[in-house]
S.K.: 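Structure provided below as structure tokens; questions to follow.
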Amino acid sequence: KKMLESIKNNNNSIQRKELLKKKKEKILEIFDNAENRTETRTSIANKVAKSLGVNCNRKLVRAVLDVKRSSKLKKLKKIS
């Protein structure tokens, strides 16, 4: 059981790579649908984790947004 939990959040398998792709799509979807200055990286990560049922953290959100939506980061509530 412990082993299954550790594998659940490992991104090396084909299934996990597909799940990572879904996470990135969901991050962009939530960011694009958010109103100005209502979301933070943490709140986006929490929404992704809740909707997909897997771990997601603000560091992944930051990496995705920096690459895909760098010109629109002012839309976030808190920018560091």
S.K.: If the condition is side-chain hydrogen bond (donor to acceptor under 3.5 Å, both in side chains), which residues does R58 pass it with, not counting sequence neighbours?
M.R.: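 Expected list: none.
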S.K.: Less than 3.5 Å apart, which donor and acceptor atoms pair up between the side chains of residues 25-32 and the rest of the protein, not counting sequence neighbours?
M.R.:
residue: D32; atom: OD1; partner: R69; partner atom: NE; Å: 3.0
residue: D32; atom: OD2; partner: R69; partner atom: NH2; Å: 2.8

S.K.: Step by step, work out the side chain to side chain contact (heavy atoms under 4.5 Å, CB included) result for L20 and R16.
M.R.: CA-CA 6 Å; L20 185 60; R16 290 291 141 191; over 6 Å; no
S.K.: Taking all non-hydrogen atoms of both residues into account, name the closest pair between N57 and A45 and its distance.
M.R.: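 Heavy atoms only, the tightest pair is C-CB, 3.6 Å.
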S.K.: Could you measure the distance from the CZ atom of R41 to the NZ atom of K59? Nearest 0.5 Å is fine.
M.R.: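 Taking CZ in R41 and NZ in K59, the distance rounds to 12.5 Å.
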S.K.: For residues 42-52, which residue pairs qualify under side chain to side chain donor-acceptor pair (under 3.5 Å), counting only residues two or more places apart or in two chains?
M.R.: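 Every pair satisfying side chain to side chain donor-acceptor pair (under 3.5 Å) with a residue in residues 42-52: E39-S43, E39-K47, T40-S43.
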S.K.: How long is the gap from CG on L76 to CG on N36, to the nearest 0.5 Å?
M.R.: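 Rounded to the nearest 0.5 Å, the CG-CG separation comes out at 10.0 Å.
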S.K.: If every non-hydrogen atom of T38 is compared with every non-hydrogen atom of A34, which pair is closest and at what distance?
M.R.: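 Reported closest heavy-atom pair: OG1-CB, 4.1 Å.
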S.K.: Whether the side chain of K23 engages the backbone of V48 through a donor-acceptor N/O pair (distance < 3.5 Å, no angle test) should be reported.
M.R.: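 Between the backbone of V48 and the side chain of K23 there is no qualifying donor-acceptor contact (under 3.5 Å).
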S.K.: Measure the NZ-NZ distance between K17 and K21 for me, rounded to the nearest 0.5 Å.
M.R.: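 Going from NZ on K17 over to NZ on K21, the span is 12.0 Å.
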